[in-house]
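In what follows, a structure is listed as structure tokens, so that the remarks can point back to it.
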Amino acid sequence: MRAVIYPGSFDPLTNGHLDVIHRAARLFDRVIVAVAMNDSKKPLFTLDERTAMVREVVAGEGLKNVVADQFDGLLVDYVVQQGASAVVRGLRAVSDFEFEFQLALMNRKLNESVETLFLMPKDTYSFLSSRMVKEIARLGGDVTPFVPDSVRLALKERLHGKRAAILPGLPVDGDPGV
Ligand code: ADP
């Protein structure tokens, strides 16, 4: 049984992430989408919300060998704890390369037995990032082509719903924001 970990912030899950999940699910018996706490990135969605979004989308896609989990701490320790032998990351463009290369080699230094694999998404997703999707949604743009529908609705609710006004860092009524 070959298991792989796909770690990330998934704030929120995009069609680019989903593309990588589909590819990994064809290569491995089990894919664990590991949602990172990552409080330093000040996520728009809580850890539980991000995890629930991944779960809902994965179930909707009928991806039976994919599960969502949460992790904090060292990735290589989590990989071992889950009985996996590899980590999968998405590579969009050369701009991702340097950071991902550094991360992969650092993880190898920490644990030689954990391999990192890179998967390239469909070219139409190579420009897509969670950060950009959040920015477009915040400015009232249509994110339908970029995220699963449940994520689109969650973005709408978070950024333009009633509760949006009390979220830190978001423009409140009368505040023009950017
Ligand atoms: P992190 O905070 O760890 O970078 P992200 O959720 O932003 O978490 O990304 C998780 C992984 O998915 C990273 O390897 C990232 O390069 C990859 N990724 C993000 N967006 C895309 C995309 N559009 N296509 C393919 N891979 C992607």
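Read the numbers this way: they start at 1 and go in the same order the structure lists the ligands and their atoms. Since the structure is predicted, the reported quantities are computational estimates derived from the model, not experimental observations.
- Every atom of ligand 1 with a heavy atom of Glu100 under 4.0 Å away is listed here by number and element: 13 (C), 14 (O), 16 (O).
- Heavy-atom separations between Pro7 and ligand 1 include at least one value shorter than 4.0 Å.
- Within the 4.0 Å heavy-atom criterion, both parts of Leu128, backbone and side chain, lie near ligand 1.
- The line from CD of Glu61 to CD1 of Ile21 is 9.0 Å long, rounded to the nearest 0.5 Å.
- Scanning the protein for heavy atoms near atom 9 (O) of ligand 1, the closest one is His17 NE2, 3.5 Å.
- At least one donor-acceptor pair under 3.5 Å links the side chain of Asp29 to the backbone N or O of Arg2.
- The side-chain heavy atoms of Met53 and Phe10, taken from C-beta on, include no pair separated by under 4.5 Å.
- Ranking the protein heavy atoms by distance from atom 21 (C) of ligand 1 puts Arg92 CD, 3.4 Å first.
- The proximity of Phe127 to ligand 1, defined as any non-hydrogen pair under 4.0 Å, does not occur for either the backbone or the side chain.
- A distance of 7.0 Å separates CG in Leu103 from OG1 in Thr116, rounded to the nearest 0.5 Å.
- Proximity to Val20 (heavy-atom distance under 4.0 Å) selects the following atoms of ligand 1: 25 (C), 26 (N).
- Any N or O atom pair closer than 3.5 Å counts here, and Leu91 shares no such pair with ligand 1.
- With a 4.5 Å cut-off on side-chain heavy atoms, Leu128 and Val133 count as touching.
- The proximity of Met120 to ligand 1, defined as any non-hydrogen pair under 4.0 Å, does not occur for either the backbone or the side chain.
- Near Pro121, with a cut-off below 4.0 Å to any heavy atom, the atoms of ligand 1 are 24 (N), 25 (C).
- Every N/O-N/O distance between Thr14 and ligand 1 stays at or above 3.5 Å.
- One distance of note links CG of Leu155 with CD1 of Ile136; it measures 10.5 Å at 0.5 Å rounding.
- No option in Lys134, Arg50, Arg152 other than Lys134 meets the side chain to side chain contact (heavy atoms under 4.5 Å, CB included) test with Pro12.
- Between Phe101 and Phe97, the ring planes are parallel. Angles under 30° get that label, and only those over 60° would be called perpendicular.
- Counted by atom type alone, Asp48 and Thr46 present zero donor-acceptor pairs between their side chains at under 3.5 Å.
- Nearest protein neighbour of atom 6 (O) of ligand 1, counting heavy atoms only, is Phe10 N, 2.9 Å.
- For ligand 1 and Gly16, the ligand atoms under 4.0 Å from any heavy atom of the residue are 22 (C), 23 (N), 24 (N), 25 (C).
- To the nearest 0.5 Å, the span separating CZ on Arg138 from NE2 on His160 amounts to 8.5 Å.
- Closest to atom 12 (O) of ligand 1, if we only count protein heavy atoms, is Tyr6 OH, 2.7 Å.
- Between Ser130 and ligand 1, no N or O atom pair is found at a separation short of 3.5 Å.
- With hydrogens left out, the protein atom closest to atom 8 (O) of ligand 1 is Ser9 N, 3.0 Å, a heavy atom.
- The nearest heavy-atom contact from the protein to atom 3 (O) of ligand 1 is Arg89 NH1, 3.1 Å.
- One option in Gly90, Ser126, Ala93, Pro43 has a heavy atom closer to atom 16 (O) of ligand 1 than any other, and that option is Gly90.
- At a 4.0 Å heavy-atom cut-off, ligand 1 does not touch Ser129 at all.
- Note that CG of Leu47 is 10.0 Å distant from CZ of Phe71, once rounded to the nearest 0.5 Å.
- You'll find the side chain of Val57 reaches within 4.5 Å of the side chain of Leu18, heavy atoms only.
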